[in-house]
Amino acid sequence: MVAVALVLLLLILAGALYDTARLPTSTGSRHALRPRRRRHGAVLEDAERRLVRQRLRGRIDAVTYRKRMRALAEGEHRPSTRRHG
């Protein structure tokens with residue numbers, strides 16, 4: 001029983017040391033990805049808001065709304081169909 005506890009303690013310490021050693025070396029690569037993820041999340045939120053707005057105003061029916069929301073959830077992003085001009 002003591003041997004099992006000792007092995008678990010050593011594994012926890014090894015994991016803590018590994019994480020501590022890796023922390024200062026990988027901060028640059030992690031921070032480089034954050035703005036892209038943030039932008040991507042903002043684009044998806046804007047698309048969702050646009051769909052909700054269209055549904056509430058009666059511009060699209062429930063079936064179309066569900067299809068487009070499902071497509072967004074599955075990662076398919078359709079370009080905006082807004083009229084410019």
Side-chain angles (χ1 to χ4, degrees):
M1 190 68 172
V2 173
V4 173
L6 185 60
V7 169
L8 288 174
L9 177 67
L10 289 175
L11 285 174
I12 291 171
L13 285 175
L17 288 174
Y18 173 77
D19 285 343
T20 303
R22 205 182 98 207
L23 187 64
T25 60
S26 66
T27 56
S29 64
R30 255 188 285 154
H31 290 302
L33 295 177
R34 286 184 184 165
R36 179 182 293 167
R37 288 181 185 160
R38 206 174 298 137
R39 272 182 272 148
H40 182 67
V43 169
L44 289 177
E45 286 178 16
D46 289 342
E48 287 180 21
R49 285 188 188 113
R50 188 172 51 248
L51 281 175
V52 170
R53 200 169 36 247
Q54 288 174 346
R55 178 66 184 125
L56 290 175
R57 293 179 181 165
R59 293 182 181 166
I60 58 174
D61 61 348
V63 174
T64 304
Y65 173 77
R66 280 194 298 269
K67 284 181 184 177
R68 290 185 185 175
M69 280 298 219
R70 180 174 292 132
L72 281 176
E74 292 173 353
E76 300 171 21
H77 180 67
R78 295 174 43 161
S80 175
T81 56
R82 293 183 197 168
R83 294 181 190 160
H84 296 285

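Residue numbers start at 1 and run along the sequence shown.
- Note that the CG atom of L72 and the CZ atom of R50 stand 8.0 Å from one another [nearest 0.5 Å].
- In this structure, CG on L10 lies 10.5 Å from CG on L17, to the nearest 0.5 angstrom.
- Of the inter-residue distances, the one linking R59 atom CZ with L51 atom CG reads 12.5 Å to the nearest 0.5 angstrom.
- Rounded to the nearest 0.5 angstrom, R53 CZ and E48 CD are separated by 12.0 Å.
- Taking CZ from R66 and CD1 from I60, the interatomic distance works out to 11.0 Å, rounded to the nearest 0.5 Å.
- Side-chain contact between D46 and V43 is absent, with no heavy-atom pair separated by less than 4.5 Å.
- One distance of note links CG of L56 with OH of Y65; it measures 7.5 Å at 0.5 Å rounding.
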side-chain contact (heavy atoms from CB on, under 4.5 Å) between R55 and T64, intermediate numbers included: CA-CA 9 Å; R55 178 66 184 125; T64 304; over 6 Å; no
